[in-house]
Amino acid sequence: MTAAEDSPSRLIDARIAELGDWRGETLARVRALIRQADPEVVEEWKWRGVPVWSHAGILCTGETYKAVVKLTFAKGAALPDPKSLFNSSLEGNTRRAIDIRESEAIDEAALTALIRAAVGLNTAGRPKKAPKGA
């Protein structure tokens, strides 16, 4: 397998295709929302097959299970959640998750705001990188 074939984005594409059901469709939709919310997001493939989206640190992971697609936000407990999207892993001090079940609608505006808040939290206090060649 070449490096291009083994890239995280291609591995995520393959996972979506491999699922071939509502979970793949849901993962593809949340992936698109993440990329729209943060055009600088970096896709990674960790822990033997978990899609990860990062920007100055992990934003969230996208795990698929039989009954849910789980978006786990690494610093979810520190994020504002006015629409109460978080419905899983609520007892921890750091992470929070959103379990999306088959035929559940995704509040796209609220998820986009949550992703942008996660980016803001990860980048707060970090110096901005100068553009290359500047």
Side-chain angles (χ1 to χ4, degrees):
M1 194 176 268
T2 68
E5 291 171 335
D6 201 24
S7 77
S9 292
R10 286 186 188 260
L11 291 169
I12 295 169
D13 289 341
R15 170 60 52 84
I16 289 167
E18 169 189 307
L19 289 165
D21 60 10
W22 70 270
R23 296 170 302 161
E25 293 170 12
T26 301
L27 186 60
R29 185 66 199 133
V30 296
R31 178 192 199 191
L33 290 170
I34 292 166
R35 292 165 121 182
Q36 287 170 9
D38 180 17
E40 296 178 29
V41 73
V42 175
E43 294 189 317
E44 299 176 278
W45 187 257
K46 296 186 178 214
W47 309 296
R48 298 181 187 198
V50 177
V52 177
W53 291 277
S54 298
H55 184 146
I58 293 175
L59 299 174
C60 65
T61 63
E63 301 152 80
T64 53
Y65 298 98
K66 187 175 181 177
V68 298
V69 172
K70 180 183 284 288
L71 293 180
T72 302
F73 283 74
K75 298 177 183 174
L79 298 175
D81 184 21
K83 299 288 187 173
S84 300
L85 292 182
F86 291 128
N87 59 10
S88 183
S89 304
L90 301 175
E91 59 287 334
N93 292 330
T94 307
R95 290 176 290 147
R96 292 286 183 274
I98 302 167
D99 285 352
I100 305 167
R101 289 170 178 74
E102 188 172 6
S103 70
E104 279 185 344
I106 298 168
D107 185 333
E108 295 184 1
L111 182 57
T112 297
L114 201 57
I115 294 158
R116 289 181 177 150
V119 171
L121 184 62
N122 280 5
T123 58
R126 288 180 174 240
K128 298 275 187 205
K129 287 185 179 178
K132 289 184 180 180

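Please read all numbers here as calculations on a predicted model, not as lab measurements. Values below: all heavy atoms of this structure, side chains included; hydrogens, waters and symmetry mates excluded.
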message: Between Leu71 and Thr61, is there a side-chain heavy-atom distance shorter than 4.5 Å?
response: no
query: Looking at CZ of Arg29 and CG of Leu27, how far apart are the two atoms once the value is rounded to the nearest 0.5 Å?
result: 12.5 Å
query: At their closest point, which heavy atom of Gly57 faces which heavy atom of Asn122, and how far apart are they?
result: O-ND2, 3.1 Å
message: Is there a continuous path of hydrophobic side-chain contacts, each under 4.5 Å between heavy atoms, that joins Ile100 to Leu79?
response: yes
query: Just by modelled atom types, is the Asp99 backbone N or O under 3.5 Å from a matching donor or acceptor in the Asn87 side chain?
result: yes
field: Student check: side-chain heavy atoms of Trp53 and Val42 closer than 4.5 Å
entry: no
statement: Residues pairing under salt bridge (Lys or Arg N to Asp or Glu O under 4.0 Å) where one sits in residues 72-97, two or more places apart or in two chains, turn out to be none
- prompt: Roughly how far apart are Thr112 OG1 and Asp38 CG, rounded to 0.5 Å?
  reply: 11.0 Å
statement: Value for CD1 (Ile16) from CD (Glu18), rounded to nearest 0.5 Å, stands at 11.0 Å
- prompt: In terms of hydrophobic clusters joined by side-chain contacts under 4.5 Å, are Ile58 and Leu11 together?
  reply: no
- prompt: Taking C-beta and beyond as the side chain, do Phe73 and Leu59 meet within less than 4.5 Å on heavy atoms?
  reply: no
- prompt: What about Leu114 and Val52, same hydrophobic cluster or not, with Ile/Leu/Val/Met/Phe/Trp/Tyr joined at side-chain heavy-atom distances under 4.5 Å?
  reply: no
field: Gap between atom CD1 of Ile106 and atom CG of Leu85 - 0.5 Å precision
entry: 10.0 Å
field: Smallest separation among heavy atoms of Lys66 and Trp22, with atom names
entry: O-CZ2, 3.8 Å
statement: Rounded to the nearest 0.5 angstrom, the CG-OG distance for Leu90 and Ser84 is 9.5 Å
task: Identify whether Ile12 and Leu111 are in the same connected component of the hydrophobic contact network (ILVMFWY, side-chain heavy atoms under 4.5 Å).
output: yes
task: Locate the shortest heavy-atom distance separating Pro51 from Gly49; write the atom from each residue and the value.
output: CD-O, 3.7 Å
query: Does the side chain of Glu63 reach to within under 4.5 Å of the side chain of Thr72, using non-hydrogen atoms?
result: yes
message: Regarding Arg23 and Glu102, does a basic nitrogen lie under 4.0 Å from an acidic carboxylate oxygen?
response: no
task: Answer whether the closest heavy-atom distance between the side chains of Ser88 and Ile98 falls below 4.5 Å.
output: no
message: Which residues pass the salt bridge (Lys or Arg N to Asp or Glu O under 4.0 Å) test with Glu40, not counting sequence neighbours?
response: none
query: Do Val41 and Leu121 share a hydrophobic cluster, counting only Ile, Leu, Val, Met, Phe, Trp and Tyr and linking them when any side-chain heavy atoms are less than 4.5 Å apart?
result: yes
query: Does Lys46 have any salt bridge (Lys or Arg N to Asp or Glu O under 4.0 Å) partners at least two apart in sequence or in another chain, and if so, which?
result: Glu44
message: Let me confirm one number: the OG-NZ distance from Ser89 to Lys70, rounded to the nearest 0.5 Å.
response: 4.5 Å
